[in-house]
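Contents: one structure, followed by commentary.
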Amino acid sequence: MLKIEGLTAEVDGKPILNGIDLEVPAGGIHAIMGPNGSGKSTLSYVLAGREGYEITGGSVTFDGIDLLALEPEERAASGLFLAFQYPVELPGVGNALFLRTALNAIRRHRGEPELDAMQFLKVARQRMQALSMPEDMLRRGVNVGFSGGEKKRNEVLQMALLQPRLAILDETDSGLDIDALKIVAEGVNALRAPDFSALVITHYQRLLDYIVPDRVHVLMGGRIVQSGGPELAQQLEASGYASVQAAA
Amino acid sequence: MTAPLHTGAEGFLHRFDGLRTRLPGARLGWVQQLREQAAESFRAQGFPTRRAEAWHYTDLRQVADAGFDEPLSILGAAKTLPAPHGAWRAVFQDGRFRDDLSSLDAAPFVAASLAAGLGTLEDRLGALARPAAEPMAALNTMLFEDGLVVTVPAGVAGGVLDLLSLGSATDRPAAFHPRHLIRLEAGASLTIIETATGPAQARYLHNPVYEIEVGEGATLTHVRLQQESPRAFQLGTLYARVAAGGTYDNFTLNAGGKLVRNEIHASLDGPKATCHMNGAQLLRDGQHADTTTVLDHAAPDCASRQTYKTVLSGRSRGVFQGRIHVHQVAQRTDGYQMNQALLLSPEAEIDSKPQLEIYADDVKCSHGATVGEIDADQLFYLRARGIPEPKARSMLVEAFLAEAVEVVQDGAARAALEAAVNGWWEAAA
Ligand SMILES: Nc1ncnc2c1ncn2[C@@H]1O[C@H](COP(=O)(O)OP(=O)(O)OP(=O)(O)O)[C@@H](O)[C@H]1O
Ligand SMILES: [Mg+2]
């Protein structure tokens, strides 16, 4: 489903990604771990199409399509979703309008009829209940005044509504209490299907107890230095990244 | 040494010389005197130039040089009028009252053409306007032909009145100078939704002057939707006086016109009076819009709120000048002024000049100004959710305007405003 080959990227002339090779098959859940500043968020932004990164080499295909040639909204419409490490606040944009506009944009692309305000509200309420989100979060500005954990839940709500085929979760577990962590994990697990894949970026093995990955990759210095099964996460939790460095 | 007048100013003075015996009120001594004095001021000052402090950011040369005629005296056929927002409507074409298109009968207030009732207006016409200080008010006073006179009796809830100004497309551009007098007696209320518009090709100068008196405990909501033809000029000067406990709530949308100015002089004259002056300027390539406010806190315990937002695209230019003058008697004044601009293009420009003059010691007065662009992170966040870029931009512009639009409480006024903002977007897209 997602195939990254020899991807290198720079910011302001500074190399950040130094040759990433990664393949996530349909239905696969892969985790990425790695020290602060190793390039995890950069990779997720490059995949989602944020400006400001110069792709200096390599390729990324999504279902065989050149992902890097698409605009961010086209990537989203083809089923890619990034849950931001730092969700952006949009003062003056109501959360309900935002979610409905996004959902309808995606539905339009899929050839599905758009939802009117009432239909949308029904769907949104359902999803919010599952995430234990209070309904008044629909009425507030997008992420405005949301606590750290509420912002992360709002990301998961968006994912649940948009039903992507590839979800990239950039530290969605950071700042969540234990109950919220389970809820978020349930949100991801609910999407699990033969044609749903996820790339889960995290610092903590705990999340991977709930979202059990098929593969764990360690990103350091802008490249993947080690890959393994779920046990790799446990090993890292116990001995940190020094052991990886020694092995690499 | 006096600088030579712009040809445009001379043209208007010439016109006045030719028309003085035929203009409305020519046989009323006090009207004649007002006009002669105004002509004197206009002769002395001409069109304001950028040397005048109040006009430093707005150059009127293109207006002065345009060469205007009077409006045609033969009225065109009835046009398809925009849908009304309220039960009553006053329609002006090229500054002249169109009785046939207006519906004012059975209104709980008195509303009529100024030209028809000049004889009874000696205490109102000129009560607030200052032609000696404001040249465009001088030009208006010298040449006004008509206008709307509204009186809402004490305690009466007037409802919603539409005031519609239509400019016409003519071979030579026309200039018109309506004079509107609005008075709310004690405890009265009224919402005026004013739309100024004209056909796309029409070139004209609309130079209205308003004299607005809000009585004790009265509330006037005044929404002005400036949607003039893209080739037209509008230079409006509005004077408002608010008595004790009264509220004047002005919202002005500047979306049309080639060069426009919205100049407001408001005075809070009695204790616990309130004034809201809010607005949005939505500007496209080649447009110039100027909002200039002068607010006098002349009594204690009054509150004022100003929020102006300007969105600029292409090579457009916006101006905001806001002066708050807190007189010595105006203790416990609560004043707030915010003006913000969103630049959508590197070639757009905004000039902003807030000015506080405070002579009382117990006051709470704050002001702020910001200039920004669309936030790249916000734009990316929306696009990353599948929202196409143009839609994402429009959502962020609407969010920017939301704060100014939300202050309009009146339902009809708010709906009219939102429709106008949406219309601007659809035309821009
Ligand atoms: N716009 C930028 N300008 C300069 N350096 C940048 C920019 N964006 C990222 N970097 C640098 O790139 C490196 C990788 O950053 P990135 O955010 O991808 O790390 P990360 O692995 O997500 O870290 P964390 O675990 O702390 O979230 C860091 O050294 C960071 O300072
Ligand atoms: Mg990161």
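Within every chain, numbering begins at 1; the chains are lettered A, B, ... in the order of the sequence lines, protein sequences first and strands thereafter.
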Q.
For the OG1 atom of Thr101(A) and the NZ atom of Lys391(B), what is their distance to the nearest 0.5 Å?
A.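 Nearest 0.5 Å value for the OG1-NZ distance: 5.5 Å.
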Q. At what distance, to the nearest 0.5 angstrom, does CD of Glu155(A) lie from OH of Tyr381(B)?
A.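 The CD atom of Glu155(A) sits 3.5 Å away from the OH atom of Tyr381(B).
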Q. In this structure, are over 12 heavy atoms from other groups packed under 6.0 Å from Lys353(B) atom NZ?
A.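 Yes - once you tally the heavy atoms of other residues, nucleotides and ligands closer than 6.0 Å, there are more than 12.
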(Q) Looking at Arg315(B), I want to see if its CZ is surrounded by more than 12 non-hydrogen atoms of other residues, nucleotides or ligands under 6.0 Å. (A)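 No, CZ of Arg315(B) has 12 or fewer neighbouring heavy atoms, counting only those of other groups under 6.0 Å.
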Q. What part of Glu403(B) lies closer than 4.5 angstrom to a heavy atom of chain A: side chain, backbone, both or neither?
A.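 Neither; nothing under 4.5 Å.
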Which heavy atom in [X] sits nearest to a heavy atom in [Y], and how many Å separate them?
X         : Y         : value
Ala399(B) : Pro91(A)  : CB-O, 3.4 Å
Ala83(A)  : Arg385(B) : CA-NH2, 4.2 Å
Ala384(B) : Ala76(A)  : O-CB, 3.3 Å

Q | Side-chain touch Phe380(B)/Val88(A), heavy atoms, less than 4.5 angstrom | A |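 They are not in contact (no side-chain heavy atoms under 4.5 Å apart), so the answer is no.
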Q | Any side-chain heavy-atom pair of Asp375(B) and Leu90(A) under 4.5 Å | A |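 No, side chains not in contact.
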(Q) One thing to verify: whether Glu74(A) and Arg383(B) come together as a salt bridge, which I'm taking to mean a side-chain N less than 4.0 angstrom from a carboxylate O. (A)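 Salt bridge: no.
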Q | Pair Tyr86(A)-Asp377(B), side chain to side chain donor-acceptor pair (under 3.5 Å): steps then yes or no | A | CA-CA 10 Å; Tyr86(A) 303 108; Asp377(B) 286 332; over 6 Å; no
Q | Options Ser78(A), Pro72(A), Ala48(A), Pro164(A), ranked by heavy-atom pairs under 4.5 Å with chain B, top entry | A |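 When all of Ser78(A), Pro72(A), Ala48(A), Pro164(A) are compared, Pro72(A) has the most.
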Q) If contact means a heavy atom pair closer than 4.5 Å, which residues of residues 111-126 of chain A contact chain B? A)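 Result: none.
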Q | Contact listing (chain B partner; residues 190-203 of chain A; heavy atom under 4.5 Å) | A |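 From residues 190-203 of chain A, none sit under 4.5 Å of chain B.
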(Q) Is it the case that the side chain of Glu73(A) and the backbone of Glu389(B) share a donor-acceptor pair, with hydrogens and angles ignored and the cut-off at 3.5 Å? (A)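 Side chain of Glu73(A) to backbone of Glu389(B): a pair is present.
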(Q) Is Arg75(A) in contact with chain B via its backbone, its side chain, both, or neither, using a 4.5 Å heavy-atom distance? (A)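 Neither part.
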